[in-house]
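Numbers restart at 1 for each chain; the letters A, B, ... are given by sequence-line order, proteins then strands. All values below were derived from every heavy atom in this structure, side-chain atoms included, with hydrogens, water molecules and symmetry-related copies excluded. Since the structure is predicted, the reported quantities are computational estimates derived from the model, not experimental observations.
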2 protein chains.
Amino acid sequence: MVAYGKTLRKIRKQKGITLKELADGICSISFLSKFERTDSDITLGLMTSVLEKLMLSFDEFLYIHHDFQPNKLEQFFKSVNTAYMNRNAKLLKELKNEEMKKWKRYGVETYHWNALMIMMLGQIVDEQFIDEDFEENDIRLLSDYLFRVEVWGYYELALYNGTLLLLETDMVIMLSRTAYQKSNRFKDFNKVKDAITTVLFNTIIYLLGPVNRFHEEFTYQKEIGEFISYLENLALSEENLLERVHLLQLKGVYDIRTGNKEEGVVKINHSIQILKDLQSTKMANNFEQYLQQILSYLKNTQL
Amino acid sequence: MVAYGKTLRKIRKQKGITLKELADGICSISFLSKFERTDSDITLGLMTSVLEKLMLSFDEFLYIHHDFQPNKLEQFFKSVNTAYMNRNAKLLKELKNEEMKKWKRYGVETYHWNALMIMMLGQIVDEQFIDEDFEENDIRLLSDYLFRVEVWGYYELALYNGTLLLLETDMVIMLSRTAYQKSNRFKDFNKVKDAITTVLFNTIIYLLGPVNRFHEEFTYQKEIGEFISYLENLALSEENLLERVHLLQLKGVYDIRTGNKEEGVVKINHSIQILKDLQSTKMANNFEQYLQQILSYLKNTQL
DNA sequence: TTCAAAATTGTCATATAGTGGAATTTTTGA
DNA sequence: TCAAAAATTCCACTATATGACAATTTTGAA
C-alpha cells in the first residue's frame, strides 16, 4: 500500500479543513482518519470525491506526494532523453536492462518497446551499443504495435519520438500521419499536444534530410506540405510563438532545399532575428549554426 | 461508484494487453475483470500500479474517461472565466448559487471562496450583481485564507487571479508576493507555472494602473521591478517566447508611465512587430489598441 | 490553569475489495 | 468446421475497506 494518506493529511491541514468537513457527504470521519494514518487504503471512487472537494487534480496531488517530482512516466522519458543528450551509453544500457527485466517478468510488451527505444538511441550514441537483446525484426514489432494502437496518448508519442530517427522514410511518413490522426482527440491536453507537435517537427526535419544530402534531388514536397498543415492546424492558437518561430525556420530550410535559396535565407534570418530580439540567445545561435552549415555545404558542392 | 473500469478495459484492449498480463504482479485476474465490468471499485494503490504498467498518468486516464474533457477543477475556472469574458451576469449568478449551495451543505470554505470570486467578477460585469449572499468582511476572510495556506497550488492561484482586480493595492502587493513564494515548488509543473505567470502579469498590469490615471504620480517602481524579476526568474527558459513578448510590452508601458515616453513606445512597437511577423494578428491588434489608448490619453492631458 | 467543545482515534460490526480455481466463452489455426 | 488454447467470467471464500459510536486528545476561551 502506498502512503498517500499522509500527503492528504498534510494538504488538508495546510488548507485548514477538518476531517469532519472533508468527510461529510463522502465517507465516515473515522475512515478518513484511518486512511490519513495509512491504516487503510482508499477506494478510487472515494479518493476522486475527496480530491474534488479539496480542489485538487490527481496529478497535482501526486506531484506533491512525490515531493514535487513529475510522475514516473515522464521521469522515464526525461531520464532516457538526458542520458541520450549527454551521450551517456553506460546509463542508457542500465535503463535498457531495467526495462528488459520488467518485460521478462510481466510479459507486457510496453516494457519491450521501452527497451527497444533505448537501444535505438544507444546505437546513435555508440555503434557497439546493440547486444544480444536486440533482434532484427524487433523494429518491425514496434511499428506494428504503433499501427495497431487505436488511440495514441503521451506514451506512444514519446516512444515514437525516440525511435523515429532510425526508421525507414516510408515508415516515418505513414507513422507520423497515424500519430497525428490517432492523437487528435488530445489536442486540448497540453502535455500530449506538445508531444504531437514534437513528432511533427521531427518528421519535417527528418524529411528535409541531413545537410550533407542537400545536393540530392528532393522528392518530399507533398509530404512536407502535409505535415506543415497538420502543425498549423494544431498550433493554430496565436499564443504558440515558439512553434511559429520554429516553423518559420523550417519553411526557410524547405525553400533552400527546393532551390529557393534567397527566399529561404531571408526566412531563417528572420526567425533568428526574432529570437535575438527576445534574448533567446542559445536558440538563436543554434539556428544560426545550422544556417551556416547549410550555406557552407551548398558552396562546396557548387564548386 | 464511478465507472472507471470500463475506461480501463477500453484502453487495455486498444493497447492489445490481456487481463493476465496486466494483472500479473499487481492483483488477481478475476478481480481486474470484476473491476473492468464495474462489479467492484478498486483501491488507489492498485490503480496506481495498473496505470503505471499501462504507461498512463492519472490525468491522462481521467481525461480519456471524461470523454477527452479536462478535470472538474479546470472546467470550473474555465466556465467562470468564459461567462466573465462574455459579460454573462446570469450565468455567473447560476455558477455562484451552485457554489453557495455546496458551501452551505458541506461547510467547506473553498466553496465559499469560489462563490466570492464569482461575485467579485460579477460586480465588474454588472454593478447590481452583489446580493444578500455577500457580506462586507468576506473579502477579508478570503485574503486571510490565502495568507494562511502554506502552499499555493493551482486552485489558490486561479482563485486569486479571479479576485485580484478588486483588492486594495497594498493587499495585492503582499498577496502576489506570497503567491510567488508559496507556489515556487511547482515551477516544473506547467499547469501551475502558467497560473503563477498569469498572477505576476496581472499584478504588474494592476500596479501600472488604468490608462486614465497615467497622469498621476507613479510610486510603484520598486514593486514593479520586484515582480518583473520574479517573472524573469520563472519564465527564464528561452522557450517561453510569448511571456517574453508580453514582458517587453509591459516594460514599454512602464517606461511611458515613468516618463520615458520615447523609449517605451519603441519597446511596445517592437513587441507588436514581433507578433505581426509571426502572424499573431489578434494579439498584435490588442497591443496596438492599448498603445493608441495610452498615447491619445497622454496627448489630451498635456493640452 | 481549567473545562467544555471540537477534532481525532480506537473498537468492533459489516459491506465489499480482492483471491484461487473451476466453468464458460472467445479466439486461433489446421 | 472444429478442437485446442487463450482469455474471460463465475463462484465460494478471505482480507480489508468502510461505518457507527464510544473513548481520547487537542483546542481555545475564560
A/Lys191 with B/Asp59: basic N within carboxylate O range, under 4.0 Å: no

Quick check on C/dG18: is either OP1 or OP2 less than 4.0 Å from any side-chain nitrogen or oxygen of B/Thr43? yes

Per atom distances to the B/Arg9 side chain, the nearest of D/dT18, D/dT8, C/dG18 is D/dT8

For B/Thr18 and for B/Lys34, locate the closest nucleotide of DNA chain D by heavy-atom distance; then report the residue assigned to the nucleotide nearer the 5' terminus. B/Thr18

side-chain N/O B/Ser40 vs C/dA17 OP1/OP2, d < 4.0 Å: yes

Side chain of A/Ser33 (C-beta onward), nearest among D/dT8, C/dT19, C/dT8: C/dT8

Separation of A/Phe31 atom CZ from C/dA7 atom P, in whole Å? 21 Å

A/Lys20 NZ - D/dT27 C1' separation (whole Å): 15 Å

The nucleotide from D/dT9, D/dT18, D/dT8 with an atom nearest the side chain of B/Arg37 is D/dT9

Hydrogens and angles aside, do A/Tyr230 and A/Glu226 bring a side-chain donor and acceptor to less than 3.5 Å of each other? yes

Atom pair distance, as rounded to whole Å: CG in B/Asp39 and C1' in C/dT19: 15 Å

Quick one: does B/Ser30 reach the base of C/dG20 with a side-chain donor-acceptor pair under 3.5 Å? yes

From CG of B/Leu19 over to C1' of C/dT24, roughly how many Å is that when rounded to an integer? 15 Å

Rounded to the Å, how far apart are B/Ile29 CD1 and C/dT25 P? 18 Å

Look at B/Lys13 and D/dA7 and indicate whether a side-chain polar atom (N or O) is within less than 4.0 Å of OP1 or OP2. no

Need one value for B/Leu32: base, sugar-phosphate or nothing, where a base atom within 4.0 Å counts as base even if backbone is also close, heavy atoms only. nothing

Aromatic contact, B/Phe58 with B/Phe61 (centres under 6.0 Å): no

Paired with A/Asp133, the side-chain contact (heavy atoms from CB on, under 4.5 Å) test is passed by just one of A/His112, A/Met119, A/Lys93, namely A/Met119

